[in-house]
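In this text the structure is predicted, and so the values were computed from the model without any measurement.
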Amino acid sequence: MTSLCPRLDIGDCHFTHIEPWLNPEDVADLWYFEGPPNEHGQLDRIFDAVPNRLMFAGHYHMWLVATPNGITDWCGEGPISLADGRFFVVVGALSEGHYATLNINTSEFVPFYEEAG
């Protein structure tokens with residue numbers, strides 16, 4: 001666990017467990033929970049927090065994709081293009097068998113689910 005980074009920036013991507021406006025090195029922020037973002041003010045603080053085009057989190061244990069204009073109707077049922085614009089992406093819980101891949105050449109984000117066996 002000591003080798004884990006609280007946040008990671010690779011190219012245009014920002015990875016952290018929680019929303020990017022929170023501090024992943026502060027235990028209180030790691031436990032912050034007002035539910036997933038669902039209104040424009042909540043999205044503003046996410047998209048204003050970092051300059052990255054793509055932001056990834058996992059805190060909510062659900063699939064979610066948002067743009068600065070709102071929440072999309074996508075909920076992990078299949079691939080989604082993250083090619084144009086900025087996106088905040090929440091990945092389903094790994095502990096529940098959820099994970100995803102991102103093709104950095106095409107910006108295709110593909111969710112997967114494997115049942116524990």
Side-chain angles (χ1 to χ4, degrees):
M1 294 293 286
T2 60
S3 67
L4 293 177
C5 297
R7 65 178 67 83
L8 179 63
D9 288 304
I10 301 174
D12 252 357
C13 299
H14 177 84
F15 300 90
T16 186
H17 179 73
I18 52 180
E19 292 179 22
W21 62 274
L22 294 164
N23 180 356
E25 297 181 52
D26 182 336
V27 172
D29 280 2
L30 288 174
W31 288 102
Y32 174 87
F33 189 74
E34 285 186 2
N38 60 9
E39 63 184 44
H40 195 64
Q42 292 172 324
L43 294 176
D44 288 344
R45 67 183 175 194
I46 289 170
F47 286 97
D48 290 345
V50 296
N52 306 71
R53 192 177 76 77
L54 303 174
M55 295 160 276
F56 297 90
H59 185 65
Y60 304 110
H61 293 216
M62 61 182 279
W63 296 103
L64 181 138
V65 170
T67 70
N69 296 321
I71 307 293
T72 70
D73 62 358
W74 181 87
C75 58
E77 67 279 0
I80 187 170
S81 175
L82 305 177
D84 297 317
R86 295 184 73 204
F87 295 89
F88 174 64
V89 180
V90 178
V91 179
L94 181 59
S95 64
E96 296 171 5
H98 298 250
Y99 61 99
T101 61
L102 173 66
N103 182 319
I104 59 170
N105 295 317
T106 65
S107 295
E108 181 181 50
F109 183 77
V110 181
F112 293 95
Y113 175 76
E114 291 186 16
E115 291 191 35

Applying the side-chain contact (heavy atoms from CB on, under 4.5 Å) criterion to Val89, which one of Leu102, Leu54, Leu82, Leu64 satisfies it?
Leu82

Verify the cluster assignment for Phe15 and Leu30: are they in a single hydrophobic cluster under the rule of side-chain heavy atoms below 4.5 Å apart?
no

For Gly85, is there any backbone N or O sitting under 3.5 Å from a side-chain donor or acceptor partner on Arg53?
yes

Heavy-atom nearest pair, Pro36 first then Gln42, reads O-OE1, 4.1 Å

Given the rule that I, L, V, M, F, W and Y join up when any side-chain heavy atoms are under 4.5 Å apart, are Phe87 and Ile80 in one cluster?
yes

Tightest non-hydrogen contact, residues Pro37 and Phe88, listed as CG-CE2, 4.1 Å

Around Leu8, counting heavy atoms of other residues, nucleotides and ligands shown, do more than 12 lie under 6.0 Å from its CG?
yes

Tyr60 with Phe56, same ILVMFWY side-chain cluster at under 4.5 Å:
no

In Å and rounded to the nearest 0.5 Å, what is the CG to CH2 distance from Asp44 to Trp21?
12.5 Å

Go through the steps for Leu43 and Ile71 under the test side-chain contact (heavy atoms from CB on, under 4.5 Å), then give the verdict.
CA-CA 9 Å; Leu43 294 176; Ile71 307 293; 4.1 Å; yes

Tightest non-hydrogen contact, residues Gly11 and Asn52, listed as O-ND2, 3.8 Å

Got a donor-acceptor contact below 3.5 angstrom from the Thr16 side chain to the Ala57 backbone?
no

From NE2 (His17) to CG (Asp29), nearest 0.5 Å:
12.0 Å

If you round to the nearest 0.5 Å, how far is CD1 of Ile46 from CD1 of Ile18?
11.0 Å

So which atom in Gly76 and which in Pro111 form the shortest heavy-atom distance, rounded to 0.1 Å?
O-CG, 3.4 Å

Is there a donor in the side chain of Glu19 and an acceptor in the side chain of Tyr32, or the other way round, less than 3.5 Å apart?
no

Any donor-acceptor pair under 3.5 Å from Glu25 side chain to Asn23 backbone
no

Which heavy-atom pair separates Met55 from Pro20 by the least distance, and what is that distance?
SD-CG, 3.8 Å

For a quick test of reading the model, state the closest non-hydrogen atom pair linking Val50 to His14 and the distance between them.
CG1-CE1, 3.9 Å

Phe109: which of Val91, Asn103, Thr101 passes side-chain contact (heavy atoms from CB on, under 4.5 Å)
Val91

